[in-house]
Amino acid sequence: MNIDQTNYAFHRSIHLLLIFLLAATTSCQSKKTSELKWSTDFPVIGSQSSPRAVDLNGDGVLDIVMGAGKNEFQSSNQGIIAIDGVTGEIIWQHEAEDQVYGSATFLDVNDDGIPDVFIGGRSPHFRAIDGKTGELIWKYEYQYEDHPILQCARFNFNNSVLVPDQNGDGLPDLLTVNGGNAEADPYKMENRFPGVLMLMDSKTGEIMAADTMPDGKESYMSPLTFPQPGSDEHYILFGSGGETFSGNLYLGKLSDLTDQKLSNATIIASETGQGFIAPPVLADINQDGYLDIIAISHASSVFAVDGKNLDLIWQNKIEGTECSNSFAVGYFNKDDIPDFFTFVSKGQWPQNTGSLQVMLDGKSGEIAYLDSLGCTGFSSPVAYDLNKDGIDEAIISINEFDCSRDIGDQSSFPIENKLLAIDFNDRKKWMIDQAKQYKNVFSTPWIGDLDQDGYLDIIYCQYYNHSDILSFLGMRIRRIDTHIKIKDPPLWGAYMGTGGNGIFHGKK
């Protein structure tokens, strides 16, 4: 652990957070202070992954799993790491040939009572790892040069989601996507290949079905799968296009994929000149019992589509920006319709000039909150009602530095990472933690009750920085044990939601 240098800043930040929360929480709980439970340092490596939580050692406390690695195209012995939730010590680590930027999916496939880990990344990397030991169960190996579809599945794996058992072995299976080519030049079609949506046997890694994007475009968007009332079908939501190429958002059926007929999928939104990168979210915003689809394109066009009839409910656009960040879903105003909060970047990558924080009213699609904090970053927010006023707050990680700085500049520069809470009701912001010479470009915090003591825990990542904003130079993972009493788990406590599947189930 190495917390001495930031101890003062941490405790000052926690003091400010306590002032904000004290009136609403002191009367109903005995814990009066929040504390930094542990901070674990990792030299050399970094991460574009976000933490997920699961009990790997059977002690009743959730542990942390993340993808990691060295800089792009470099192998590492710490491609995937599992951290003890009690102590912050490494439970196990697993090697990888390149950066593992996906977030983990959990399922016990070896029947030992401990969830196993499924996680993807570059080169291509997709593996099933024994959750108890960190040993390999199976891995994807590219050997499809002559296959009409899978010859394209040689690039990056994004997040996976579980789908109902497809082969009768009693276990859910995995839906994921492979796509992108880091060596393809912007605005040029040369060396670009269609993204491949894939269905994998969770127990063996066998590819049970695969098909390319219907429009032949690349894909960077993690797919979603979900049921709807009155239907036996499982629907799949997937997207195409990139930062400089047009794309579409598709709704299909799982049976379309198993029949190799993704061309049957319906285009429910389109973007010209850019595609769909951030995963959409699913929430019932018209209160008809169906999950509606809320998506943001890389050009910052926001679409709310009726899940029952696919009609457009509302649409908005945040002009002059682009977005690779997913939404946090919560009740950010006084009505009972879910609302949506995210970051967008001013300008065009790599010449972005700052970041906007945007909250959209779920009922109307109107911008209900807008701020400009920090510079470009791709960490998504999480949400919880921290002060018990009936309106959720957002927790965000931002980086303060000279936003006009060239991304490729290798010279040293001052930077400060801040973990903030935004109170939409009172239009206030509260510091949770801050650290100079640290950054967080990609990792979404995790919030929840790690040790089942009835109080909120925060897991978040910071990365050492002295020059290039995108380089991996070492990182640390930190756990704050807060004094905030929780009755129910956060509804949106991690990247792609508490369940990691993009679905917001709402108040019960």
Side-chain angles (χ1 to χ4, degrees), residues 48 72 101 180 182 184-189 192 217-218 220-221 239-247 249 269-280 295-303 315-328 340-360 365-381 394 396-418 420 422 429 438-444 463 465 467-471:
Q48 297 179 0
E72 195 167 359
Y101 65 83
D185 293 327
Y187 303 103
K188 295 183 179 180
M189 286 301 297
R192 293 188 183 274
K217 300 289 182 64
E218 58 194 352
Y220 300 92
M221 195 191 96
S240 68
E243 296 173 328
T244 59
F245 284 91
S246 303
L249 184 66
S270 297
E271 188 66 82
T272 301
Q274 298 174 70
F276 291 83
I277 293 176
I296 186 165
S297 74
H298 191 259
S300 298
S301 297
V302 188
F303 305 86
Q315 183 176 345
N316 206 334
K317 185 174 177 63
I318 306 156
E319 298 288 350
T321 69
E322 45 183 43
C323 184
S324 297
N325 307 56
S326 192
F327 288 109
F340 308 94
F341 176 74
T342 192
F343 299 78
V344 295
S345 298
K346 300 177 187 177
Q348 188 175 34
W349 178 267
Q351 279 78 45
N352 296 122
T353 57
S355 177
L356 297 177
Q357 294 74 44
V358 184
M359 190 267 280
L360 295 154
E366 296 177 355
I367 295 176
Y369 177 93
L370 182 67
D371 204 349
S372 180
L373 301 171
C375 300
T376 295
F378 308 110
S379 167
S380 296
I396 65 172
S397 175
I398 65 165
N399 302 301
E400 297 279 9
F401 61 96
D402 178 5
C403 297
S404 64
R405 174 186 173 83
D406 190 317
I407 290 294
D409 189 342
Q410 296 287 317
S411 61
S412 180
F413 68 102
I415 187 171
E416 184 172 19
N417 177 250
K418 296 178 179 180
L420 302 172
I422 297 178
K429 296 177 287 290
Y438 281 86
K439 63 188 177 186
N440 176 23
V441 181
F442 297 100
S443 295
T444 296
Y463 304 89
N465 184 83
S467 56
D468 178 12
I469 191 70
L470 298 179
S471 291

I need the single residue from S301, C323, S300 that forms a side chain to side chain contact (heavy atoms under 4.5 Å, CB included) with I318. Which is it? S300

What about the rings of F401 and F413, do their centers lie closer together than 6.0 Å? yes

Check the side chains of N417 and N440 for a donor-acceptor pair under 3.5 angstrom, ignoring hydrogens and angles. no

With sequence neighbours excluded, tell me which residues meet side chain to side chain contact (heavy atoms under 4.5 Å, CB included) with S404. D402

First locate atom CH2 of W349, then atom CZ of F378, and finally report the distance between them rounded to the nearest 0.5 Å. 4.5 Å

Distance col, row N352:CG vs R405:CZ, nearest 0.5 angstrom, shows 14.5 Å

Anything under 30° is parallel, anything over 60° is perpendicular, the rest tilted; go ahead and classify F276 against F303. tilted

Assess, by modelled atom type and distance only, whether the side chains of Y220 and S324 contain a donor and an acceptor separated by less than 3.5 Å. no

Is there a side-chain contact between K439 and N399 (heavy atoms, below 4.5 Å)? yes

Show the numbers, then the answer: is there a side-chain contact (heavy atoms from CB on, under 4.5 Å) between D371 and L356? CA-CA 6 Å; D371 204 349; L356 297 177; over 6 Å; no

Just wondering, are more than 12 heavy atoms of other shown residues or ligands nearer than 6.0 Å to CD in E366? no

Does any part of the side chain of K217, heavy atoms only, come nearer than 4.5 Å to the side chain of S246, both counted from C-beta? yes

Given the rule in the side-chain contact (heavy atoms from CB on, under 4.5 Å) test, do Y369 and V358 qualify, once you have shown the distances and angles that lead to the verdict? CA-CA 6 Å; Y369 177 93; V358 184; over 6 Å; no

Disulfide bond (SG atoms under 2.5 Å apart) against C375, all qualifying residues, sequence neighbours excluded: C403

Do T376 and S355 have side-chain heavy atoms sitting under 4.5 Å apart? no

With side-chain contact (heavy atoms from CB on, under 4.5 Å) as the criterion, how do I277 and E243 come out once you've worked through the C-alpha distance, each side chain's angles and the decisive distance to 0.1 Å? CA-CA 8 Å; I277 293 176; E243 296 173 328; 3.8 Å; yes

Determine yes or no for a side-chain-to-main-chain donor-acceptor pair under 3.5 angstrom, with R192 supplying the side chain and F245 the backbone. no

So S345 and T321, do their side chains get closer than 4.5 Å, heavy atoms only? no

Minimal heavy-atom distance between N465 and I469, with the atoms involved, is OD1-CA, 3.7 Å

Of all residues at least two apart in sequence or in a different chain, which pass the side chain to side chain contact (heavy atoms under 4.5 Å, CB included) check with E72? D98, Q99, R122, A182

If you look at every heavy atom in A295 and F327, which pair is closest and at what distance? C-CE1, 4.2 Å

Might you point out which heavy atoms bring S326 and T342 nearest each other, and give the distance in Å? O-OG1, 3.0 Å

Say whether S379 and N325, considering side chains only, have a donor N or O and an acceptor N or O under 3.5 Å apart. no

Please tell me if the side chains of S412 and S467 come closer than 4.5 Å, counting only heavy atoms from C-beta onward. no

Spacing of L420 atom CG and I396 atom CD1 [to the nearest 0.5 Å]: 5.0 Å

Side-chain heavy-atom pair L470, F442 within 4.5 angstrom cut-off: yes

Would you say the side chain of V344 lies within less than 4.5 Å of the side chain of E322, judging by non-hydrogen atoms? no

Measuring from M189:CE to T244:OG1, what's the distance to the nearest 0.5 Å? 9.5 Å

A side-chain contact here means heavy atoms from C-beta on lying under 4.5 Å apart; do F341 and Q357 qualify? yes

Between S372 and K346, does a side-chain contact (heavy atoms from CB on, under 4.5 Å) hold up when you go through it step by step? CA-CA 10 Å; S372 180; K346 300 177 187 177; 3.0 Å; yes

